[in-house]
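Just so we're clear, the structure is a prediction, and the values are computed from it rather than from any experiment.
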Amino acid sequence: MDSVRLTIRNYRSIPFDNPISLEIQRGITFILGVNNIGKSNLLRFFYEFRQLKDYASYSTSNQITVSMPDNIPISQVLNQKNYSKALEFKFESDEVVYELKFNAPDKTYNTVHFFGNCLKSNSKINRFDIVELGLFYEILSNSLYIGSFRNGSFKTSGNYYDIQIGTQFITTWDDWANGRDILKRNKITDLIAELKELFDFEKFEISVNPEKTRLIIKNEEGSFYLDELGGGISHFIIVLGNALIQEPSFILIDEPENALHPKLQQTFVTALASKAKYGLIATSHSIGLARSVADNIYHLAKDDSTKKLSLVDFGKSYKPGLLGSINELGYSQFAEIGGNNILLVEGRTDIKSFKEILRKYRIEHHFILMDLGGSSNINGNSFEELQELKRLNAKSYNVIIDSEISQEGGVLKKGINDFIANCKKLNFNCFTTEVHSTENYLSQKAIDSILGASFTALGKYESLESEERKNMKTKWGKSDNWKVFKAMTLEDFADTKLDHFIKTTLIPNTK
């Protein structure tokens with residue numbers, strides 16, 4: 001099951017007569033909206049109602065006791081304007097529709113009347129199947145919820161929602177890093193190596209002091225306690241460390257941009273998402289961050305006239321041009337720190353993929369990446385919009401798009417040729433893949449490590465969207481491409497024309 005639609009009513013800021021629906025999908029999902037509109041409540045629902053995963057054994061009309069986290073009564077999570085009404089939710093896929101209602105006649109205790117219906121093949125059944133629950137079960141049974149306040153202080157201990165903090169986190173880190181389990185030790189070693197690369201340190205080590213109360217960071221500048229360093233590195237270590245240790249199916253995070261420069265926000269989200277089996281769902285105020293990392297973007301807003309809440313696909317309500325989109329990404333801030341080159345790629349999923357590819361060449365911070373909106377915008381009508389980008393006065397303008405050729409010596413489509421002609425008129429450096437598409441560069445070894453051995457690498461001119469791939473169930477989601485690229489090495493790109501373009505065109509522009 002690739003997606004499940006969840007509808008909630010009468011929960012916290014969501015009124016009884018104004019239900020909100022959210023699509024739970026693989027990949028990275030962002031929910032945008034102004035302060036106090038209710039974005040965080042959508043994530044908190046999964047945290048507070050995890051016991052729903054246990055209802056598979058219940059039949060209809062059961063009276064049950066709901067164990068809410070932090071010992072809060074269920075009455076506290078009801079919408080206050082509809083206090084006397086039930087909290088209801090429904091989730092549906094192509095196969096089934098599940099409907100549940102919690103009616104709390106006694107507001108003091110959490111003993112509630114539970115009513116459940118499962119509609120399948122037009123007939124009602126009175127049980128809930130874990131397999132059919134799919135991603136909904138995964139998000140309830142194994143999600144990591146991270147609140148918006150994340151502090152590197154180690155003067156306290158315990159949990160902040162799902163993340164361990166303080167000495168409790170340090171004790172767990174020490175057990176993983178120095179315990180007898182070699183797999184845990186190797187995972188900590190890999191995370192330290194990843195942090196070293198992300199922050200571009202020449203030397204980077206993490207150890208625990210003898211009292212096991214503080215983390216010690218050693219880099220080329222010296223040896224420091226973690227709380228003596230900037231909040232950015234603490235942010236990464238605590239949150240990524242928790243995600244590594246808990247191995248969640250889904251990560252739910254409020255405002256991942258908090259306390260991070262735009263340069264690190266993208267890096268943080270993708271690094272964190274790589275620790276989740278299926279996906280990450282984030283709330284945010286940053287349109288630019290969402291456009292640079294998300295596979296799916298939604299906007300939660302209230303209609304000015306009706307005062308009704310709605311969660312809609314962001315692309316349906318807002319479509320900025322390329323110039324506006326790049327400015328949303330914080331181009332001026334990137335330019336100030338040396339990221340004054342622009343790289344346009346074909347689609348949204350390609351942004352994260354090429355971010356990982358450029359990281360192999362250690363030039364990812366020199367480029368701001370933006371998608372062209374898919375193949376529908378790669379045609380001869382693109383000249384004026386591409387020309388608008390010149391107003392940014394960037395050091396270089398570069399484009400990498402799919403050739404979509406299906407055989408050796410194949411001819412490019414007319415729209416692609418016309419688009420390339422426009423790029424040449426504007427002195428853009430334009431590269432079309434010598435293979436069918438970006439995912440054709442993925443190696444079998446990296447595919448095995450991320451997707452599993454049941455998936456085979458694409459041939460040079462094979463399309464991931466082919467009917468054969470779909471029928472054989474060897475097609476993977478494009479939203480997984482970047483994770484596979486992350487697992488590849490620089491040597492995997494040797495002898496490709498993409499490697500030549502990066503070395504002869506992109507790298508010189510970073511000097």
Side-chain angles (χ1 to χ4, degrees), residues 22 25 27-44 145-151 198 230-232 234-236 239-240 243 250-274 276 279-302 310-337 339-340 342-345 347-352 354-355 364-365 367-371 373 392 479 482:
L22 171 67
Q25 304 175 73
I28 299 177
T29 298
F30 263 58
I31 303 170
L32 303 175
V34 299
N35 286 327
N36 300 315
I37 196 69
K39 305 184 303 296
S40 298
N41 287 338
L42 291 172
L43 300 189
R44 195 177 299 175
Y145 177 55
I146 306 167
S148 59
F149 178 75
R150 299 178 284 277
N151 193 323
L198 293 178
S234 298
H235 197 108
F236 274 70
V239 178
L240 294 186
F250 276 90
I251 293 174
L252 314 171
I253 181 167
D254 269 322
E255 302 176 14
E257 66 269 27
N258 277 1
L260 294 175
H261 188 279
K263 174 182 175 181
L264 284 180
Q265 290 171 12
Q266 296 176 20
T267 301
F268 174 66
V269 172
T270 54
L272 183 59
S274 70
L280 175 147
I281 305 177
T283 67
S284 179
H285 300 290
S286 175
I287 297 173
L289 177 60
R291 288 181 62 86
S292 66
V293 298
D295 302 297
N296 318 289
I297 306 176
Y298 298 99
H299 182 220
L300 183 63
K302 184 177 290 187
S310 63
L311 185 70
V312 298
D313 189 305
F314 187 71
K316 293 180 180 178
S317 59
Y318 178 73
K319 293 184 178 180
L322 285 175
L323 180 61
S325 297
I326 287 182
N327 278 323
E328 287 171 354
L329 293 176
Y331 173 74
S332 61
Q333 297 179 73
F334 276 87
E336 289 173 3
I337 56 175
N340 54 348
I342 291 173
L343 174 59
L344 302 175
V345 294
R348 187 179 291 165
T349 59
D350 294 316
I351 294 177
K352 297 192 295 295
F354 278 99
K355 196 77 173 177
E364 75 277 10
H365 295 313
F367 291 84
I368 182 167
L369 278 72
M370 185 63 217
D371 70 284
L392 294 172
S479 60
W482 72 276

Visitor: Decide side-chain contact (heavy atoms from CB on, under 4.5 Å) for L300 and L32; before the verdict, give the C-alpha distance in whole Å, the side-chain angles of both, and the deciding distance to 0.1 Å.
Guide: CA-CA 6 Å; L300 183 63; L32 303 175; over 6 Å; no
Visitor: Under the salt bridge (charged side-chain N to carboxylate O under 4.0 Å, His left out) rule, what do D295 and K352 come out as? Steps first, then yes or no, please.
Guide: CA-CA 10 Å; D295 302 297; K352 297 192 295 295; 3.0 Å; yes
Visitor: Please walk me through it: do R348 and I297 pass side-chain contact (heavy atoms from CB on, under 4.5 Å)?
Guide: CA-CA 11 Å; R348 187 179 291 165; I297 306 176; 3.7 Å; yes
Visitor: Starting from the C-alpha separation in whole Å, work towards a yes-or-no answer on side-chain contact (heavy atoms from CB on, under 4.5 Å) for N340 and F367.
Guide: CA-CA 6 Å; N340 54 348; F367 291 84; over 6 Å; no
Visitor: Could you tell me the separation between the CD1 atom of I281 and the CG atom of L252, rounded to the nearest 0.5 Å?
Guide: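 With rounding to 0.5 Å, CD1 (I281) is 5.5 Å from CG (L252).
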Visitor: Nearest 0.5 Å, please: how far is CD1 in I351 from CG in L344?
Guide: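 Output value for this atom pair is 9.5 Å.
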Visitor: Compare every heavy atom of L198 with every heavy atom of A271, then report the nearest pair and how far apart it is.
Guide: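 For A271 versus L198, the nearest heavy atoms are CB-CD1, 4.0 Å.
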Visitor: Does the side chain to side chain donor-acceptor pair (under 3.5 Å) test come out yes or no for H285 and N35, once each step is laid out?
Guide: CA-CA 8 Å; H285 300 290; N35 286 327; 2.8 Å; yes
Visitor: After noting the C-alpha distance and the side-chain angles of I251 and I146, does the key distance pass the side-chain contact (heavy atoms from CB on, under 4.5 Å) rule?
Guide: CA-CA 8 Å; I251 293 174; I146 306 167; 3.9 Å; yes
Visitor: Looking at S292 and Q266, what are the two nearest heavy atoms and their distance?
Guide: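 Shortest heavy-atom contact: OG-CG, 3.3 Å.
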Visitor: Can you see which heavy atom on L272 is nearest to which on A243, and at what distance?
Guide: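 Result for this residue pair: CD1-CB, 3.8 Å.
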Visitor: To the nearest 0.5 Å, how far apart are OG1 in T283 and CG in L43?
Guide: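 Interatomic distance, T283 OG1 to L43 CG, rounded to 0.5 Å: 5.5 Å.
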Visitor: Would you say E364 and L369 make side-chain contact, with heavy atoms under 4.5 Å?
Guide: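 No, side chains not in contact.
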Visitor: Which heavy atom of L289 sits nearest to which heavy atom of S286, and what is that distance?
Guide: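 For L289 and S286, the tightest heavy-atom pair comes out as N-OG, 3.0 Å.
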Visitor: Run the ring-centre check on Y298 versus F30 and record whether the distance is less than 6.0 Å.
Guide: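 No, too far apart.
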Visitor: For T349, enumerate each residue passing the side-chain hydrogen bond (donor to acceptor under 3.5 Å, both in side chains) test, keeping only those at least two apart in sequence or located in another chain.
Guide: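 Here no residue qualifies.
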Visitor: To the closest 0.5 Å, what do you measure between OG1 (T267) and NZ (K355)?
Guide: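 Between T267 OG1 and K355 NZ, I get 5.5 Å after rounding to 0.5 Å.
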Visitor: Answer yes if the side chains of H235 and N258 hold a donor-acceptor pair under 3.5 Å, and no otherwise.
Guide: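 Checked: H235/N258 side chains show no N/O donor-acceptor pair below 3.5 Å.
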Visitor: Between E257 and S284, is there a side-chain donor-acceptor contact under 3.5 Å, judged purely by atom types and distance?
Guide: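 Side chains of S284 and E257: pair found under 3.5 Å.
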Visitor: Looking only at side-chain N and O atoms, does T29 offer a donor or acceptor that is under 3.5 Å from a partner on N296?
Guide: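 Side chains of N296 and T29: pair found under 3.5 Å.
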Visitor: Looking at K39 and G33, what are the two nearest heavy atoms and their distance?
Guide: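 Between these two residues, the closest heavy atoms are NZ-O, 3.2 Å.
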Visitor: Under the rule for side chain to side chain contact (heavy atoms under 4.5 Å, CB included), what residues qualify as partners of A273, not counting sequence neighbours?
Guide: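 Only I28, L280, W482 meet the side chain to side chain contact (heavy atoms under 4.5 Å, CB included) criterion with A273.
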Visitor: Find the distance between CD1 (I31) and CD1 (I37) and round it off to the nearest 0.5 Å.
Guide: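 Separation between the atoms: 12.5 Å.
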Visitor: To the nearest 0.5 Å, tell me how far H299 NE2 sits from L311 CG.
Guide: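 Going from the NE2 atom of H299 to the CG atom of L311 covers 9.5 Å.
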